[in-house]
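No hydrogens, no waters, no symmetry mates; every other heavy atom, side chains included, goes into these values.
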Amino acid sequence: MEEYKVTVATGTSEYSGTNNYIYVTLVGENGQSERTILDNPGLDFCRGAVDEYKVCSSAPLGPLLLVRLEKQRYWVEDNWFCRYVTVEPPGGGTALTFPCYRWLIGDVKVEIREGTAKILCDDTSPQLLAHRKAELQERQTIYRWAAWASGIPKCIDAKTEADLHQDVRFDSEKRITHTFFSKLLFIHSDSTFFILWLINLLIIPMVPEYCMEHWKEDWFFGYQCLNGSNPRMIQRCKELPGNFPVSGDMVQGSLAPRTTLDKELKAGNIYLIDYAIMDGVPTNVIRGKPQYIAAPLCLLYEHPDQGLIPIAIQLGQTPGLDTPIFLPNDPPLAWLLAKIWVRHSEFQVFQLLSHLLRTHLLVEVFCVATLRQLPAVHPVYKLLAPHLRYTLEINCRGRTQLVSADGIFKRVVSTGGEGLLVLSQREYKVLTYRSLQPCWDFQQRGATTLKDYFYREHSLMLWDAIHSFVSGMISVYYHCDSDVVEDPELQNWIKDIAEEGFVDVPTFGLSNELKNKAELVTLLSVAIFTSTAQHAATNNGQFDWCAWVPNTPCTMRHPTPTDKDAVTMEMIMDSLPDVSQTCLEMAITWHLGRPQPDAVPLGQYPEQYFTEPQAQEVIDRFRKELKDIEEHILSQNRGLELPYLFLLPSRIENSITI
């Protein structure tokens, strides 16, 4: 008899263990082992356990191909999460690792492969080829495309998170915590007393207090354009838009001595933020009262002494007597209200476009296509899987709880309801693949020389690290461009992304085929960068910038001012969100932006999909580079009154989980 030593690892999260019967069969090129029940004295398969067993075969099995796991109910159904299985051959040779990282639900049989990543042409065994095919056929019935709404990327076919397969759902601890806070906010969103009680439980970090003290100051307004939750809007202004008739005399007092607006335009020191996408978007009605939006244009100047400051604001796209240009030397309350209106537009754009559309919904396309088109043994599946963790569930929850017809945004945001969909559809029409690549994005916006643009500096460092990491991984498995072209699974994957996920977006610019390694590396870098660094940049600071609600109001209750001299403090207070809306904005931005208790930082891989030494070396280099970036950012921020730490690698999650 041939005796194999088998180790089985159970998941570490709550309810991962099972008291059901577990059987194992080893499948080799020359045959199969006995179907063996795994049963040691005492309890088996407890949470976090690593149990050892002996499995016998009447004859040598040859090279091992598969490990077959079976679960059968004992008294009651008890699901089991298996992390991995290791098999040590007779005579004590090198143990082989078979990654699993799957739930076994019901009376089920699962076959898992040894951990070495392989593209299709690397497999010659008919049994392994059949296994790849069967795995994808099963997944394609489980994970299907659906259109949540026309004119935006497609998503997973699941009406709620309960419709998702257990393999892509939250662990129980995260599910309980997230559901608890979501239900509290949803059920009690109209209770000011309750929301105030919840806010009193929060530990307010340093940045919101700093924001409360400095939000009226022009330099702080400019700082947020660079390093706030929506740092991708600012662009160099080479000439003034025709619908923004700012004259040199209007802004002369805001410029440095001995210069003019024309000189500063030519020198590249004038910048513009244009919210034209907001123009004409349907507005919300909250508790029977209409809410209001604006489509501002904001001109900014990089002052040699004061930094980036706003110098002119127009609160509509059509100039006229009722759409005055607000200036820093206007009555202070008029200038303050104009800046508040810009920040209100900022809330709509960063939440719905920079955050929801350009990270959550975009990454969901990669999630669905990866699950449908790449088997677990494929190197690209192994590379992406940790960066897609929990994204399908958080997006399902977002669609049902935040942006649905009766969700939180409908109750508190001025574009809630029809407006948020119209806004997303407008952005999707002009979304481009190249704009998701930070190097190109900064160049396109003319934002490569702005000082104190920490978001740009840190995101470029992270992009380079991620790109180098992906390039190293891909080079392990694809030795030349033809390997990419001739990988049918990979080509089906990109076709699913381009033709199904990003449907009806003529300007997107992503081909439905991959022609070389460089294209593959860039695409994977975009997916990982977006699901990690870009999401952190827009999500992690939202409570910091929104906790003091006048700085970034979620809604406005009165129209934009038409007479600068008529602006009063009473008008400002009547325009800002009321007490209930203010409390809910604070609560929801805290809930969405808070650090997650089970967060996995960027570059950490507790689920070891890759088992080869070459891949592990690439991962180690990536971690070293992230450590260097961390040390650079910490050193750069040491002593700063307002630190920018949202892109510290240790604070960036490995995937979109909130």
Legend entry - Result of checking C546, P208, C211 against N551 for side-chain contact (heavy atoms from CB on, under 4.5 Å): C211

Legend entry - Close side-chain approach of I273 to L297, heavy-atom, < 4.5 Å: no

Legend entry - Sole residue of F646, Y223, W463, F442 in ring pair (Phe, Tyr, Trp, His ring centres under 6.0 Å) with Y455: F442

Legend entry - Residue pair T555 / Q291, side-chain donor-acceptor N/O under 3.5 Å: yes

Inset, instruction - For Y390 and D171, test the side chains for any donor-to-acceptor distance below 3.5 angstrom and give the result as yes or no. - result: yes

Inset, instruction - Give a yes or no on whether the backbone of C298 and the side-chain of Q314 come within a donor-acceptor separation of less than 3.5 Å. - result: no

Legend entry - Test item: side-chain donor near acceptor, Q235 and Q444, under 3.5 Å: no

Inset, instruction - For the residue pair R456 and T448, confirm or rule out a side-chain donor-acceptor distance under 3.5 Å. - result: no

Inset, instruction - Could you verify whether a donor N or O on one side chain and an acceptor N or O on the other, from Q596 and T657, lie under 3.5 Å apart? - result: no

Inset, instruction - Would you please say whether a donor-acceptor pair under 3.5 Å links the side chains of S414 and H344? - result: yes

Inset, instruction - Carefully, step by step, assess R358 and S435 under the rule side chain to side chain donor-acceptor pair (under 3.5 Å). - result: CA-CA 10 Å; R358 295 176 69 99; S435 72; 3.1 Å; yes

Inset, instruction - Could you tell me whether the side chains of Y275 and Q348 share a donor-acceptor contact shorter than 3.5 Å? - result: no

Legend entry - Non-neighbouring partners of Q614 that pass side-chain contact (heavy atoms from CB on, under 4.5 Å), sequence neighbours left out: V476, E612

Inset, instruction - Say whether E653 and N540, considering side chains only, have a donor N or O and an acceptor N or O under 3.5 Å apart. - result: no

Inset, instruction - Given salt bridge (charged side-chain N to carboxylate O under 4.0 Å, His left out), test D598 with R389 step by step and report yes or no. - result: CA-CA 12 Å; D598 63 343; R389 170 178 176 258; 3.6 Å; yes

Inset, instruction - Report yes or no: do S354 and R232 form a side-chain donor-acceptor pair below 3.5 Å? - result: yes

Inset, instruction - Would you please say whether a donor-acceptor pair under 3.5 Å links the side chains of Q224 and N227? - result: no

Legend entry - Test item: side-chain donor near acceptor, T259 and E264, under 3.5 Å: yes

Inset, instruction - Look only at the side chain of R557 and the backbone of L576, and say whether a donor-acceptor pair between them is shorter than 3.5 Å. - result: yes

Inset, instruction - Assess the side chains of E457 and H632: does a donor N or O sit below 3.5 Å from an acceptor N or O? - result: yes

Inset, instruction - Say whether E346 and N230, considering side chains only, have a donor N or O and an acceptor N or O under 3.5 Å apart. - result: yes

Legend entry - Y605-H387 side chain donor-acceptor pair, cut-off 3.5 Å: yes

Legend entry - Donor-acceptor contact below 3.5 Å, side chain E173 vs main chain E14: yes

Legend entry - Salt-bridge contact E625-R621 (side-chain N to carboxylate O under 4.0 Å): no

Inset, instruction - Please determine, by modelled atom types, if W335 and D218 share a side-chain donor-acceptor pair under 3.5 angstrom. - result: yes

Inset, instruction - Could you label the plane-to-plane angle of the H360 and H535 rings as parallel, tilted or perpendicular, counting under 30° as parallel and over 60° as perpendicular? - result: perpendicular

Legend entry - Side-chain ion pair, D620 and K624, N-O less than 4.0 Å: no

Inset, instruction - If the plane angle is over 60° it's perpendicular, under 30° parallel, otherwise tilted; pick one for W219 and Y210. - result: perpendicular

Legend entry - Distance-only side-chain donor-acceptor flag, R236 / T449, under 3.5 Å: yes

Legend entry - Heavy-atom closest pair, residues L592 and N539: O-OD1, 3.1 Å

Legend entry - Heavy-atom donor-acceptor pair, T530 side chain to T359 backbone, under 3.5 Å: no

Inset, instruction - Show the numbers, then the answer: is there a ring pair (Phe, Tyr, Trp, His ring centres under 6.0 Å) between Y292 and H558? - result: CA-CA 6 Å; Y292 297 89; H558 281 270; 7.1 Å; no

